[in-house]
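Proteins come first, then strands; the chains are lettered A, B, ... in the order of their sequence lines, and each starts at number 1. In what follows, every heavy atom counts, from backbone to side chain, and hydrogens, waters and symmetry copies are set aside. The structure presented is a predicted model; accordingly, all values stated were derived computationally and were not measured.
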Protein chains: 2
Amino acid sequence: MTLKELAKALGISPTTVSRALNGFPEVSEETRKKVQAAADAYGYRPNMRARSLATGRAMAIGHVIPVSSEHEMMNPVFSDFISGAGEIYAANGYDMLISIVPDAEQERAYKEFRTKGTVDGIIVHAPRAGDRRIHLLNQVGLPFIVHGRASDADESYSWVDMNNLRAFQRATDFLIDLGHRRIALINGLEDMDFAIRRRAGFEASLEHAGITPCPDMMFSREMTEQYGHDTTQTLLALPEPPTAILASSIIPGIGIRRALSEAGLVLGRDVSVIIHDDDLSYLPNGREEPQFTATRASVREAGKRAASMLIDRIESPSPEPRAEMIEAELILGASTGPAPNLSLKTSEIT
Amino acid sequence: MTLKELAKALGISPTTVSRALNGFPEVSEETRKKVQAAADAYGYRPNMRARSLATGRAMAIGHVIPVSSEHEMMNPVFSDFISGAGEIYAANGYDMLISIVPDAEQERAYKEFRTKGTVDGIIVHAPRAGDRRIHLLNQVGLPFIVHGRASDADESYSWVDMNNLRAFQRATDFLIDLGHRRIALINGLEDMDFAIRRRAGFEASLEHAGITPCPDMMFSREMTEQYGHDTTQTLLALPEPPTAILASSIIPGIGIRRALSEAGLVLGRDVSVIIHDDDLSYLPNGREEPQFTATRASVREAGKRAASMLIDRIESPSPEPRAEMIEAELILGASTGPAPNLSLKTSEIT
DNA sequence: CACGCGTTTCAAACCGGTTTGAGATTTTTG
DNA sequence: CAAAAATCTCAAACCGGTTTGAAACGCGTG
């Protein structure tokens, strides 16, 4: 059923049908009702291809997932982010287009997005330090929102980010307050912007407390369970092992827990652990009784915010970029406690 | 830059330009070269909206992710599946459209896909027992592939599935061969087709060995870490706790491991565990030294197969459906060993 | 009754490609 | 060398909507 057929069936012109269905004021209430009823009866749906060709709007938003040749791991955070974003898109009539683009072809991919006209805007995932994509997209002239930031990009752009620096600074402060002095950082890949900021927060807190960050206790790799496990083994073998560990995600956190229990150590007593919790739906840290003490910020919520912001920019374009910072909350779980030597003192007192 | 502008710049007709770029035989090699060079120089890309309006092909494939109101968890398997599928799409010039559709709106969503013309085919995720969607899509007449099967659908359709029954039967056989008699099953939600088949395989193996499946040792819930942990605690508190556990995914497997270590039990000695490993990129079970003994089948590979199959059906339609079964391999890890009483005997011998 | 005004409807152009059917040109053949 | 066949190119129609500019209509007013 096309619009023209519908018009013929009703005995009126396609113009009037189009206007009636799209709520234009110059059509009488009476005919609008008639047209709407007929459209419902025939189950008429406008063909999006034709409509978007005519209007110039694709009613779709693109997500570009960069995949580097060496680390072809899927970002574990991705599925929850798009589930949040997808909810907003659905509510506003947008489709979601996902492109998995090898690093080498990023440039081509973005330019094509523009000329192919398949999307009205783009969400940029996993920005790196000094990401070229932001420059590229500003040139291309397609509205976009970055999930995260690109540390040393001097151009302006819109973004939604979690306050990585602050979250890791607070977590480190908290461990220091508990008496910990030797604290290890199990971070993500440090060419990723978020990892750089997390490390900066960690170091800032240590330095503020007069502790010199020790390079032997800072790690930067793809965030797997194995990585958390093996790194913890390495740490425990040090002459002076750390009394606390800060981990960039719950996934290495699980590996840390495994290594500790293999070594016969008790999590939260012998070694304290704080993780960053993205509140992934398939790996919940626990609502009532969190397993790990954590800095928590829902990545699904970030998806929602980014999506709303992008739709906003598409529907009412404005030159000045917008930004939104999400603060993580510190959640107390069973994985932290006073530093071992202090706890000794406490037990002497009681 | 539109095709018409390009044609004008070259001084030839749009027809010829279109044919030259699309490799039609009725244009001379000489003009083709000239046109191609000019297109490259100007960076011309055909507008997909216009093209697909004219050709009737959207060059896009839709993935419908059902999200039920109660369990709004994102399927952890999803991101790896689409990463596999996305690779195939990119290689064949297709885009990937993702719709997150609440259970209640499935019907509307599929019908709209047809009339809106945004996709050429659909991949159906997470089929339930007797899923209505298959009937619906057969009616709608859009090519589709199901990832999994719908147990009691009497209609024919194309699918790609892992041999869930066989995998779980083999895993159970293996445990029985090791001397285990009391084996627990920590399964996914049993309105999902895959969980039904896994349970069937489990029960078939037990019955074949003359063991009556015990309902107290079979669980069916959303596959979280917490679920694995809590269920294991429950199992250990039984008067006769199981000596082996079969788990539907690595995620509850991690929870099982945690509960065992909390109880002071050694994985693979006191209690044996076999998981099903979807080979998720962000939760690898380990290639050289698998943590868990597992039935392994890459869900990314399933994504690739489903995508190729769908593109095939779109480009050369045929009435008879196709199907592809993926066999899981049994991987030996450190999480299994002889049943405790047997191992006692063995130690007496040595 | 002629006129002006606001309301409602419509034919035609347009979005940017593909495709048909015919015309122009070149090559082959009798 | 003329006729037939093969090769190349093009104008125009089409895909299914939206949008422009004009026409038709109803109504109150001078």
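- The side-chain contact (heavy atoms from CB on, under 4.5 Å) search around B/V140 returns B/K111, B/R114, B/L142, not counting sequence neighbours.
- Atoms NZ (A/K8) and P (C/dA11) sit 11 Å apart, rounded to a whole Å.
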Should A/T15 and A/S18 be marked as a side-chain hydrogen bond (donor to acceptor under 3.5 Å, both in side chains) after you check the CA-CA gap, both sets of side-chain angles, and the distance that decides it? CA-CA 5 Å; A/T15 312; A/S18 172; over 6 Å; no

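- Here B/Y94 pairs with B/R57, B/E315 under the side chain to side chain donor-acceptor pair (under 3.5 Å) rule; sequence neighbours left out.
- In this structure, CG of B/L10 is placed 10 Å from P of D/dC10, rounded to the nearest angstrom.
- Scanning for salt bridge (Lys or Arg N to Asp or Glu O under 4.0 Å) contacts around A/R149 gives A/D161, with sequence neighbours left out.
- In this structure B/F78 satisfies the ring pair (Phe, Tyr, Trp, His ring centres under 6.0 Å) test together with B/H125, sequence neighbours excluded.
- In this view, A/H147 satisfies the side chain to side chain donor-acceptor pair (under 3.5 Å) rule with no residue, not counting sequence neighbours.
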Taking only N/O atoms, report every protein-nucleotides 12-16 of chain C pair under 3.5 Å with atom names and distance.
residue: C/dG16; atom: N2; partner: B/A50; partner atom: O; Å: 3.4

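- Listed by chain and number, the residues in a ring pair (Phe, Tyr, Trp, His ring centres under 6.0 Å) with A/Y44 amount to none (sequence neighbours excluded).
- One can place CD1 of A/I12 at 14 Å from C1' of C/dA11, the figure rounded to the nearest angstrom.
- Regarding B/M1, its CE atom lies at a distance of 10 Å from the P atom of C/dG17, rounded to whole Å.
- Partners of B/S28 by side chain to side chain donor-acceptor pair (under 3.5 Å), not counting sequence neighbours, listed by chain and number: B/T31.
- Under 4.0 angstrom from either OP1 or OP2 of D/dT7 there lies no side-chain N or O belonging to B/S28.
- Between A/S18 and D/dG17 there is no side-chain N or O to OP1 or OP2 distance below 4.0 Å.
- A donor atom on one side chain and an acceptor atom on the other are not found under 3.5 Å apart for A/T55 and A/S52.
- Residues from residues 19-27 of chain B with heavy atoms under 4.0 angstrom of DNA chain D, sorted by number: B/R19, B/E26, B/V27.
- Between its two ends, the helix from C/dC1-D/dG30 to C/dG30-D/dC1 turns its axis by 70°, counting five pairs per end and rounding to 10 degrees.
- For the pair B/S13 and D/dC10, the criterion of a side-chain N or O lying under 4.0 Å from OP1 or OP2 is met.
- Across the protein-nucleic acid pair, B/M59 atom CE and C/dT18 atom C1' stand 15 Å apart, rounded to whole Å.
- Remark: B/E301 engages B/R305 in a side chain to side chain donor-acceptor pair (under 3.5 Å) (not counting sequence neighbours).
- Atom-to-atom, CD of B/E30 to P of D/dT7 comes out at 16 Å; the value is rounded to the nearest Å.
- Screening residues 3-23 of chain B for salt bridge (Lys or Arg N to Asp or Glu O under 4.0 Å) gives no qualifying pairs among residues at least two apart or on separate chains.
- At the heavy-atom level, B/T31 lies under 4.0 Å from the strands shown only through sugar-phosphate atoms.
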